[in-house]
Amino acid sequence: VSTQSTGAYREAKHWVKLAGPTLFAPLLEQGIKMSERGGFGKYLIILIITDGEINDMKETMQQVERASSLPISIIIVGVGAASFENMDRLDSDDHKLTEKAERDIVQFVPFRKFAHNPSALAKVTLKEIPTQVEEFMNVRGVRPEQIRDTSISHVPLRKSSIQKAAK
């Protein structure tokens, strides 16, 4: 997250209208399917930028639990003045999210806390990713030299594909 990124957010917020309901489960389901197709050596990082509380918390928790056994990390950036209480619940740093969750895979960052400090925003946003990747690999006995494909790809999720997944 750079000064350029925060500048792009500030510019976009004037013409992008965020609206509810806020449903994470369909998005996470799509990420899980992508991860399951990705094969050995792929690690998916899902970035969610939201302005509201989660309206499908039960389903979202189920998807996070399911994703916790896959090579997935989830970063949630909360923008605006909402309380984001449910995001704090998902970011289970000091405990497992559910009894069945394999590991903590969610990092929640309130944008307003770091809006004027892009380097701190980047640091806190990415802080848990190395540990999450390492935990996933260690549990499976994967050593770094076993991973051949280190390419990075960006797959934008379109609203229409998320709506289809929700049906």
Side-chain angles (χ1 to χ4, degrees), residues 1 5 8-9 12 16 18-80 82 84-93 95-111 121-122 124-140 142 144 146-167:
V1 180
S5 298
Y9 165 75
V16 172
L18 300 174
T22 302
L23 305 174
F24 283 10
L27 171 70
L28 297 178
E29 172 68 25
Q30 191 171 29
I32 288 168
K33 287 178 182 175
M34 287 173 60
S35 179
E36 290 171 339
R37 287 190 307 263
F40 184 72
K42 301 283 185 177
Y43 196 94
L44 178 65
I45 299 173
I46 299 171
L47 172 63
I48 301 171
I49 301 173
T50 183
D51 71 338
E53 279 293 342
I54 302 170
N55 296 113
D56 62 345
M57 188 62 174
K58 179 181 175 187
E59 295 84 359
T60 294
M61 287 182 67
Q62 290 169 343
Q63 295 299 345
V64 171
E65 178 183 288
R66 186 172 158 214
S68 73
S69 66
L70 295 168
I72 295 176
S73 289
I74 302 165
I75 299 171
I76 303 170
V77 178
V79 297
F84 300 117
E85 186 177 311
N86 283 335
M87 280 51 144
D88 284 325
R89 281 181 55 203
L90 291 175
D91 188 359
S92 55
D93 289 336
H95 63 283
K96 287 173 53 173
L97 178 63
T98 67
E99 193 174 302
K100 294 180 183 178
E102 186 174 301
R103 61 197 176 91
D104 171 31
I105 63 169
V106 176
Q107 170 70 343
F108 170 65
V109 179
F111 181 81
L121 177 63
V124 74
T125 300
L126 301 173
K127 177 181 157 186
E128 295 181 13
I129 299 298
T131 302
Q132 291 171 355
V133 172
E134 184 179 19
E135 284 176 355
F136 177 80
M137 298 301 177
N138 285 340
V139 166
R140 279 147 188 82
V142 177
Q146 290 176 284
I147 301 171
R148 288 187 168 81
D149 183 1
T150 58
S151 61
I152 297 174
S153 60
H154 169 157
V155 181
L157 297 176
R158 307 227 186 288
K159 186 176 181 180
S160 60
S161 62
I162 295 167
Q163 289 171 334
K164 287 178 190 172
K167 293 181 181 177

Mind listing the closest non-hydrogen atom pair of [X] and [Y] along with its distance?
X: Gln63; Y: Ile32; value: OE1-CD1, 3.1 Å
X: Met87; Y: Thr50; value: CE-CG2, 3.4 Å
X: Ser73; Y: Gln132; value: OG-OE1, 2.5 Å
X: Phe136; Y: Leu70; value: CE1-C, 3.3 Å
X: Phe84; Y: Val79; value: CZ-O, 3.2 Å
X: Ala67; Y: Ile72; value: CB-CD1, 4.0 Å

### Task
Can you spot which of Glu36, Glu59, Glu102 makes a salt bridge (charged side-chain N to carboxylate O under 4.0 Å, His left out) with Arg66?
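Considering Glu36, Glu59, Glu102, a salt bridge (charged side-chain N to carboxylate O under 4.0 Å, His left out) with Arg66 is found only for Glu36.
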### Carboxylate-amine/guanidinium proximity below 4.0 Å for Lys33 and Glu29
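Salt bridge between Lys33 and Glu29, a charged N being under 4.0 Å from a carboxylate O: yes.
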Nearest 0.5 Å, please: how far is [atom2] in [Y] from [atom1] in [X]?
X: Ile105; Y: Glu135; atom1: CD1; atom2: CD; value: 11.0 Å
X: Ile48; Y: Ile76; atom1: CD1; atom2: CD1; value: 5.0 Å
X: Glu85; Y: Met57; atom1: CD; atom2: CE; value: 9.0 Å
X: Asn138; Y: Arg103; atom1: CG; atom2: CZ; value: 11.0 Å
X: Ile129; Y: Ile45; atom1: CD1; atom2: CD1; value: 4.5 Å

### Message
Between Asn55 (side chain only) and Leu23 (backbone N and O only), is there a donor and an acceptor less than 3.5 Å apart?
### Response
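Answer holds: no.
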### Message
Tell me whether Ser68 contacts the main-chain N or O of Glu65 through its side chain, where contact means a donor paired with an acceptor under 3.5 Å.
### Response
yes
Does some side-chain heavy atom of [Y] sit less than 4.5 Å from a side-chain heavy atom of [X]?
X: Val64; Y: Met61; value: no
X: Ile54; Y: Leu90; value: yes
X: Asp91; Y: Val109; value: no
X: Thr125; Y: Gln107; value: no
X: Lys100; Y: Ser69; value: no
X: Thr131; Y: Asp104; value: no
X: Pro26; Y: Asp56; value: yes

